[in-house]
Structures are given as C-alpha cells and as structure tokens.
Amino acid sequence: MNLFAEIRALVVDALGQMAAEGSLPAGLDLTPVAVEPPRDPAHGDMATNAAMVLAKPAGLQPRVIAEALASKLSADPRISLAEVAGPGFLNLRLALPVWQRVVTDALQAGGTYGKSALGQGQRVNVEFVSANPTGPMHVGHVRGAVVGDALSNLLAFAGWDVTREYYINDGGAQVDVLARSAYERYREANGLEPEIREGLYPGDYLIPVGEALKAKYGTRLLDQPEAVWLQDVRSFATELMMEEIKSDLRLLGVEMDVFSSEKALYGTGEIEAAIETLRGMDLIYEGVLEPPKGKEPDDWEPRVQTLFRSTAHGDDVDRPVKKSDGSWTYFAPDIAYHYNKVRRGFYALIDIFGADHGGYVKRMKAAVSALSGGKVPLDIKLIQLVKLYKNGEPFKMSKRAGTFVTLHDVVEEAGADVTRFIMLTRKNDVALDFDFAKVLEQSKDNPVFYVQYANARINSVLRKAREAGIACDDATLAGVDLSGMTHEAEIALARKIAEWPRLVEIAARGNEPHRVAFYLYELASELHGLWNRGNYDPSLRFFQTGNAATSAAKIALARAAGVVIGNGLGILGVTPVEEMR
RNA sequence: GGUCCCGUAGCUCAGUUGGAUAGAGCAGCCGCCUUCUAAGCGGCAUGUCGAGGGUUCGAAUCCUUCCGGGACCGCCA
C-alpha cells in the first residue's frame with residue numbers, strides 16, 4: 001500500500017541477493033537504507049541512499065555498490081530506470097503501470113487509503129485543551145483543541161488506539177475565585193449590587209450562573225458567610241462551566257473520551273501514593289531551593305519545602321510539591337494524574353500545552369520518566385498563540401467575556417471547518433495569524449478554499465459524468481483500465497497520491513498534524529494544475545465528451561485524488577465540500 | 001542569570017527527522033484571459049538558511065559559542 005515501503009523492500013531484497021552472491025558482505029545493518037522522493041523531481045521518482053550508507057561498513061566504494069544494485073533493480077518490472085548519481089545516490093524511475101496501480105489502490109482502499117499499522121494498536125493518550133473551568137473557552141484554547149483533536153485523528157489513522165483526554169483543573173484557588181465571582185452574580189440576580197472586586201472574574205458569562213444559583217437556592221445563601229456557600233457554589237459553577245466548555249468543544253467538532261478531574265484526586269490518596277512512590281525512589285526530600293539567578297524576587301526567603309528531585313531525570317532544578325502551608329502545589333496532583341495515566345497502561349503519553357507552560361515541560365517529563373521507570377514516553381507539544389485580525393487590523397470582539405475573544409465568537413464568525421483548517425496551517429510552535437477576512441476569502445491565497453475547491457471540482461466532474469451515463473462509483477472506477485494514463489501531468493498527480501501513506505507515517509511519527517494540511521495543499525495544487533492544463537489541452541480534461549472509456553480512466557485519477565482529500569480532511573476534522581457556493 | 005521555543009526570498013511560511021543545484025504562496029516584473037473546467041492562467045526573478053566553530057562522504061537539519069525576538073523561572077494554575 002505504501003509505495004515507498006514497497007520499493008524499499010525491493011531494494012532490501014536486492015541487497016540480500018548481492019550478499020548471497022558475495023558482492024556484498026553478509027550481515028550488514030540495513031536499517032539506515034532509505035527510499036525517499038528526491039528533492040528534485042528531475043532526479044527521478046525515488047532515490048535510495050543504500051550505496052552511501054553501506055559503503056563504509058561494506059568497505060566498498062559507494063558507486064561500486066550502487067552500480068551492482070542498479071543492475072539488480074533494473075530487472076524488476078516496476079523499475080524502468082535505475083541510475084547512479086551524485087556521491088552515490090541511486091535514482092529510480094518507476095514504470096507507468098506502477099502509477100496506474102496507485103490510482104486503483106486508492107480507489108479500492110477508499111477511506112482506508114493511507115492507513116498505517118505504525119501504531120500496532122498500542123494505546124496512546126492525548127491530553128489537550130484542559131482549560132480551567134472558570135469561563136468560556138477563548139481563542140487561545142481553540143488552537144490547542146484543534147491540534148489535539150487532529151493529532152488524535154492522525155494517530156488513530158496511523159494505527160494507534162487513541163484516548164482523548166481533558167484534565168479539569170478544578171482543584172485550585174482559581175475555582176474558589178470562580179465561586180466568589182458567581183456568588184456576586186447570584187446577589188445581583190437577587191436585586192443586590194454585585195461587588196466585582198479586584199481579582200474576581202468580571203465577565204458577563206457569569207450572569208446566567210447567578211440566575212441559575214437563584215433558581216436553585218432562592219435567597220437562602222444571601223448574607224451568609226463564605227464558609228456556608230463556597231463549596232456548593234463552587235461545584236455548581238464549575239459544573240455549569242464544564243457544560244459550556246463541552247458545548248464549545250462540540251461546536252468545534254471535538255469529542256473527548258475522558259474527562260479527568262483534579263479535584264477528584266484529592267481525598268483518594270492518589271496524590272499521596274504518587275508522592276510516596278517517588279519517595280521510595282529517593283526522589284522526594286525536604287530541602288531549600290536556591291533563588292533563581294539574576295531575577296531574585298523581592299520577598300525571597302530561604303524556605304524548607306518538600307521537593308521532587310526532578311534533576312535526577314533531566315530537569316534543571318528540583319521542584320516543590322508542597323506549599324509552605326503544607327498543601328499541595330499544582331504540580332503534585334499533576335504528578336498523580338500523570339501517574340494515573342501511566343498506570344492505566346498507555347504505551348505513550350502526549351500533552352498539548354499552551355506555550356506559556358514551557359517552563360513546566362522538563363519537570364513533567366521527569367515525573368513521568370521516574371514513575372514509569374523510563375518506559376512511557378511523554379511528548380509535550382507547546383502551542384503558540386494565535387493573533388486575530390480582520391482585514392489586517394488587530395481584531396477585538398468581546399460580547400460577553402470581558403477582554404477576550406471566545407471560541408464561540410471565532411466559530412460563529414469563521415465556521416468550524418475553516419477555523420480548524422487554518423489552525424493547522426502552521427507548525428504548533430510558531431505563532432499563527434488568523435485573519436477573519438482572509439480565511440473566508442474565495443481565492444487561491446486561502447488554503448482552505450484552495451483545497452475545498454479541488455474537492456468541489458472533482459465532484460463536479462463526477463456529477464457531469466453521471467449525467468452522461470458513466471458509472472462513477474469507486475468500485476467501478478477501481479476496475480477501469482488505466483493503461484492510457486501516461487501523460488506526465490497525470491503521473492505527477494498519481495505520484496502525489498502515492499505519497500499519502502508515507503506522509504501519514506511521517507506526520508504520525510512526529511506528532512505533527514500540520515503536515516497533513518500542507519500536503520493537502522500540495523495535492524490540491526497538482527489537481528488544479530492538471531485541471532488548468534485542460535483549459536488549453538482538451539485531451540487532459542477529466543471529462544471527455546463522447547468518450548466514456550477515456551473519461552472513466554481520467555475520472556478514476558481525479559476521484560483517487562478525491563479519496564485522499566477526503567481522508568486528509570477527515571484527519572483534520574474538516575468536512576469536504578461537494579460544491580462551492 | 002537560567003531553561004525552552006523561534007530566526008530560511010521584500011512579506012507569510014514549508015522543508016519528508018542527515019541527502020544532490022534549499023521550496024511554496026503572496027507581493028514584484030513580462031505575457032495571456034470573446035476558452036464556461038467560474039471564483040484567473042502561464043512565465044521570469046528572488047537567498048550569508050541569524051553569525052562563527054565542530055561532527056562526516058554530505059548539515060537549514062546534529063553538537064558548541066555568540067547575536068536578535070518571545071515564553072517561562074519557589075507558597076498561580
């Protein structure tokens with residue numbers, strides 16, 4: 001299915017023959033042998049570095065190995081040309097039937113084209129969003145949500161068993177602030193003047209929470225000391241906030257598998273157990289930290305605290321797990337939570353954090369490393385911020401949240417599909433500009449439109465063909481004779497289609513869903529290019545008036561591209577459009 | 001001061017995990033656009049890959065030292 005893997009197997013096989021014949025030493029390590037698309041298409045369809053990486057261990061000149069390998073490979077019907085180039089590259093040109101078969105394969109596989117067994121069904125946990133339940137989600141959360149969800153889709157497509165998980169930070173002081181803020185709105189709902197003091201959440205979104213509190217408690221909580229109502233109001237408000245967050249996530253098309261609560265860890269002994277486990281490894285001790293160099297806080301005073309020896313697992317300084325009043329720091333329950341994930345048997349963990357949590361990465365990795373005995377890898381993706389614009393002007397919109405633009409606002413303005421796609425048009429660790437005007441523009445400058453338009457064009461061809469009585473279901477197209485598909489522009493599209501399974505693996509290996517978006521852009525570009533050539537070379541049009549057989553072959557190619565676009569957009573969580581309006 | 005991220009064409013960014021002469025889109029320049037496969041098409045030009053050093057057959061990519069920008073740095077989460 002993966003053409004590159006197939007040709008690599010062919011190369012490995014040929015090397016094996018050479019070893020058997022004595023032209024190559026036996027027992028060479030072939031893992032560094034790669035078969036890749038050459039950077040310059042003029043060099044051929046694929047290139048292998050086999051001769052170069054084997055030269056030293058074999059004690060032979062690269063070109064000697066390459067020549068011998070070339071003559072072996074030339075014997076295979078799939079290879080039309082094998083030539084040695086540069087320092088010892090072996091450039092391969094593949095025979096036309098190979099590319100024709102790519103189209104057939106894609107059509108036969110349909111929604112599974114490009115799926116990989118890379119993950120071998122192993123369980124991987126992707127923790128993302130994890131927004132504090134103190135208000136509606138804002139733009140800052142959107143990108144993390146989209147990246148996490150698309151990454152989950154990608155890993156599932158690549159053969160992993162993925163759990164999407166949200167960690168609810170409902171255990172710290174910020175939810176007390178939420179409760180106090182909601183209480184003021186509750187007083188407001190009862191006709192009193194709210195006192196939104198400094199440090200409380202001022203957003204309008206708490207007004208309905210106040211109303212709901214009034215509906216539930218009437219006037220009973222008025223003029224009561226905080227100790228009486230804090231707990232109830234807190235859990236009531238966080239629950240409502242979580243409902244709102246879940247509904248926001250649905251707007252974006254994100255569905256979590258598991259919600260884990262920080263608060264729920266308290267009182268279960270899980271935190272204590274995690275810390276004791278670390279203590280058993282001599283990784284917990286009472287000690288005094290050095291003040292940070294060059295930036296000593298004014299109120300710095302040496303303090304004895306309970307510390308995690310994270311330096312033993314690659315961190316720069318040890319980290320406190322208890323505050324001076326003896327309560328846990330935020331880090332402690334997070335250690336317990338990650339320990340919990342480790343114990344649930346995940347093969348690998350992934351956290352999607354905001355870039356402002358960068359300072360947290362090493363200690364979290366240290367904790368997971370210690371608690372899993374180095375067995376469970378933790379990959380942390382930091383998501384850079386999104387800058388909003390409209391027609392190039394910085395964009396501010398705050399209907400109800402106070403100072404920030406909410407996820408709801410963004411999706412309402414741009415739509416979930418556009419939002420998701422654009423959020424994936426940058427690598428996670430670089431800042432992203434999001435211009436509401438540009439992302440909705442119907443032009444080539446807009447990658448979402450460009451990819452969707454390619455899909456719409458394919459569908460337009462299919463419609464036209466059906467009207468002309470040509471059977472266009474995938475099964476029929478998969479059986480079409482493609483021997484007439486020989487034009488270089490058509491092969492170029494097939495070549496791009498053949499890259500898809502390889503791209504999925506590369507993207508999954510690096511936990512990099514943005515690669516899918518870039519690939520789709522390139523694929524769309526190939527399709528548009530071929531389509532445009534049809535403008536002045538009618539023989540390249542997908543639909544050939546009055547020639548059903550030729551049309552079917554060309555339509556098979558177009559539809560194969562459509563299959564890949566569908567699968568790719570599926571990973572991004574974007575709905576393919578059938579028609580542009 | 002330390003840690004992490006970023007630095008690639010005028011601009012916005014990719015760069016297949018170490019491969020060949022570093023790519024794309026904008027903007028720029030030159031043509032085309034009575035074609036219905038519309039929401040433009042084709043072509044041209046563009047580089048100190050922040051700088052120096054190192055590793056090796058080979059570096060934008062790995063190591064190191066600087067420079068510039070950002071984030072973070074014990075009782076916030």
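Labels below follow one simple rule: chain letters A, B, ... track the order of the sequence lines, proteins then strands, and each chain is numbered from 1.
- Under the Watson-Crick or G-U wobble criterion, with both distances below 3.5 Å, A60(B) is left unpaired in every strand shown.
- Here D45(A) pairs with R495(A) in a salt bridge; the nearest charged N to carboxylate O distance falls below 4.0 Å.
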Are any protein N/O atoms closer than 3.5 Å to N/O atoms in nucleotides 60-62 of chain B? If there are, list each pair with its distance.
from   : atom 1 : to     : atom 2 : distance (Å)
A60(B) : N6     : R39(A) : NH2    : 3.0

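- Salt bridge status for K427(A) with E512(A): absent, with no side-chain N to carboxylate O gap under 4.0 Å.
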I'd like a list of close polar pairs between nucleotides 4-7 of chain B and the protein, N/O only, cut-off under 3.5 Å.
from  : atom 1 : to      : atom 2 : distance (Å)
C5(B) : O2'    : D429(A) : O      : 3.4
C6(B) : OP1    : D429(A) : OD2    : 3.4

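- Per the stacking criterion (ring centres < 5.5 Å, plane angle < 30°), F89(A) does not stack onto the base of G19(B).
- The residues D351(A) and K341(A) are annotated as salt-bridged, a charged nitrogen and a carboxylate oxygen being separated by less than 4.0 angstrom.
- A salt bridge does not link E467(A) with R463(A): none of the charged nitrogens is closer than 4.0 Å to a carboxylate oxygen.
- Distances shown here put every side-chain N or O of R63(A) at or beyond 4.0 Å from the OP1 or OP2 atom of C57(B).
- One donor-acceptor pair, N or O on each side, does fall under 3.5 Å between the base of A39(B) and the side chain of Y453(A).
- Between the base of A77(B) and the side chain of D334(A) there is no donor-acceptor pair shorter than 3.5 Å.
- At most 12 heavy atoms of other shown residues, nucleotides or ligands fall within 6.0 angstrom of atom CD in E239(A).
- Relative orientation of the Y167(A) and Y337(A) rings is parallel, given thresholds of 30° and 60° on the angle between their planes.
- K323(A) forms no cation-pi arrangement with W328(A), by the criterion of a distance under 6.0 Å to the ring centre and an angle within 45° of the ring axis.
- Of the nucleotides present, none pairs with U37(B) by Watson-Crick or G-U wobble criteria with both distances under 3.5 Å.
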Could you go over nucleotides 27-36 of chain B and give all protein N or O partners under 3.5 Å, atom names and distances?
from   : atom 1 : to      : atom 2 : distance (Å)
U35(B) : O2     : N535(A) : O      : 3.3

